[in-house]
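Written below as structure tokens is the structure these notes are about.
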Amino acid sequence: MGDPAGVGPEIIAKACKALKPRLEADELRLLVVGSVDALETARRAFAPGLAIPEVDAAGRWPGLAALQACPEGAPILPGVLSTDGGRFAYHAVEQAVRLAEAGRIHGIVTAPLNKEALNKAGFHFAGHTDLLAHLTGARGSVMMLAHGNMRVSHVTTHIALEDVPKKLTPERLRYVIDLTAETLDGLGLKRRRIAVAALNPHAGEGGLFGRQDIDVSMPVIAECVADGLDVVGPVPGDTVFVKLRAGQYDAVVAMYHDQGHIPVKLLGFDVDPKTGTWNSLSGVNITLGLPIVRTSVDHGTAFDIAGKGIANELSLLEAIDYAVKLSATRLAKPEAATP
């Protein structure tokens with residue numbers, strides 16, 4: 001559920017309502033982990049004809065159910081930052097991870113949490129990605145954003161821009177490329193062409209604007225090609241995403257947060273030109289490098305609109321579909337354990 005004070009409960013209720021035919025046909029099974037009180041409030045408001053019974057972690061579950069992440073405290077109010085909101089966000093993820101590790105669920109889809117609330121509650125993580133890496137013991141996670149045919153993984157994310165060049169190492173870049181190729185395979189793509197975005201303008205202009213693209217990226221790309229991967233670059237950042245959108249590549253490896261996020265989010269927002277507001281936001285956040293499947297909405301808690309009935313569930317529906325695809329691929333592998 002993420003932070004119960006955000007739009008999580010609302011978009012979950014709306015998504016479950018939209019998915020009702022698939023749930024009834026047993027094409028999909030969903031367990032909502034978080035504040036049952038917040039979910040019930042959202043269900044009454046946005047999906048009154050839908051039943052989401054509360055269950056315990058050890059029992060048998062119906063196709064749609066809710067699991068309390070931790071004890072309720074003071075009432076959590078929509079749009080109000082609180083330590084209880086951060087506490088629920090943490091324990092919901094922790095519960096879901098343990099269920100996934102035990103084979104009881106096939107993947108995790110997260111609604112947004114609030115980093116300030118999470119840290120106020122005593123859980124000092126920069127967000128879901130760092131938290132998931134900690135809980136699963138992953139050696140290094142990678143963030144991928146996806147919107148349509150735009151798939152962008154990141155060498156770095158939540159660090160200062162001045163620290164990015166130091167984090168661009170041959171080992172990290174190769175790791176991100178390998179995980180990106182593995183994920184494209186998991187999504188069932190026949191072609192898996194990956195472009196590596198340049199760190200510097202014009203890919204360094206022959207060293208005039210920096211040598212990282214020449215000294216780090218180019219040798220790694222050559223190594224990947226020698227190993228049979230379809231990798232090109234470094235491609236200047238001002239053109240690589242245009243080529244991705246045109247279908248010349250199947251994914252791009254971006255060097256830092258804004259380089260990768262801006263093009264995906266620009267295309268993901270559906271903006272009303274008359275009012276200057278957006279009607280919806282689509283796009284999915286996928287965490288690579290974890291021993292479990294995890295996808296997420298590509299937006300924040302939106303405290304300013306929480307509880308008002310105007311939050312859009314499209315990104316959550318897309319995240320659920322991505323989780324289904326990636327889970328199915330993992331389950332089809334011979335070494336996959338059957339829950």
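For the numbers below, each heavy atom of this structure counts, side chains included, while hydrogens, waters and symmetry mates do not. Everything quoted here is computed from the prediction, not taken from an experiment.
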query: So which heavy atom on V252 is nearest to which on A197, and how close?
result: CG1-CB, 4.1 Å

message: Just to verify, what does R191 make a salt bridge (Lys or Arg N to Asp or Glu O under 4.0 Å) with, not counting sequence neighbours?
response: D250

Report yes or no: does [X] contribute a side-chain atom to a donor-acceptor pair with the main-chain N or O of [Y] at less than 3.5 Å?
{"X": "T301", "Y": "G6", "result": "no"}
{"X": "H147", "Y": "V264", "result": "no"}
{"X": "S327", "Y": "H106", "result": "yes"}
{"X": "R172", "Y": "K167", "result": "no"}
{"X": "R87", "Y": "P71", "result": "yes"}
{"X": "R294", "Y": "V109", "result": "no"}

Residues that [X] engages under side chain to side chain donor-acceptor pair (under 3.5 Å), provided they are two or more places apart:
{"X": "T295", "answer": "none"}
{"X": "K190", "answer": "none"}
{"X": "E313", "answer": "none"}
{"X": "N285", "answer": "none"}

- request: Only counting residues at least two apart or in another chain, list the ones meeting side-chain contact (heavy atoms from CB on, under 4.5 Å) with I262.
  value: D258

- prompt: Who pairs with K20 by side-chain contact (heavy atoms from CB on, under 4.5 Å), at least two apart in sequence or on another chain?
  reply: E24, L50

query: Does R245 CZ have over 12 foreign heavy atoms under 6.0 Å away?
result: no

For residues 217-238, please give each side-chain donor-acceptor pair under 3.5 Å, one per line with the distance, not counting sequence neighbours.
unit_1	atom_1	unit_2	atom_2	d
E223	OE1	R174	NH1	2.8
D227	OD2	R174	NH1	2.9
D227	OD2	R174	NH2	3.1
D230	OD1	R193	NE	3.3
D230	OD2	R193	NE	3.1

- prompt: Does some side-chain heavy atom of L31 sit less than 4.5 Å from a side-chain heavy atom of L99?
  reply: yes

query: With sequence neighbours left out, which residue pairs that include part of residues 47-73 fulfil the ring-ring contact (aromatic ring centres under 6.0 Å, His included) condition?
result: none

- prompt: Do any pairs count as a side chain to side chain donor-acceptor pair (under 3.5 Å) and have a residue in residues 129-141, sequence neighbours left out, and if so which ones?
  reply: none

query: Does anything in residues 64-79 pair up under side chain to side chain donor-acceptor pair (under 3.5 Å), and if so which pairs, sequence neighbours excluded?
result: S35-E72, Q68-E72

query: Could you state the interatomic distance from CG (L118) to NE2 (H124), rounded to the nearest 0.5 Å?
result: 9.0 Å

message: Quick check on the 6.0 Å ring-centre criterion: do H158 and F125 meet it?
response: no

message: Starting from F46 and following side-chain heavy-atom contacts under 4.5 Å between hydrophobic residues (I, L, V, M, F, W, Y), which residues can be reached?
response: none

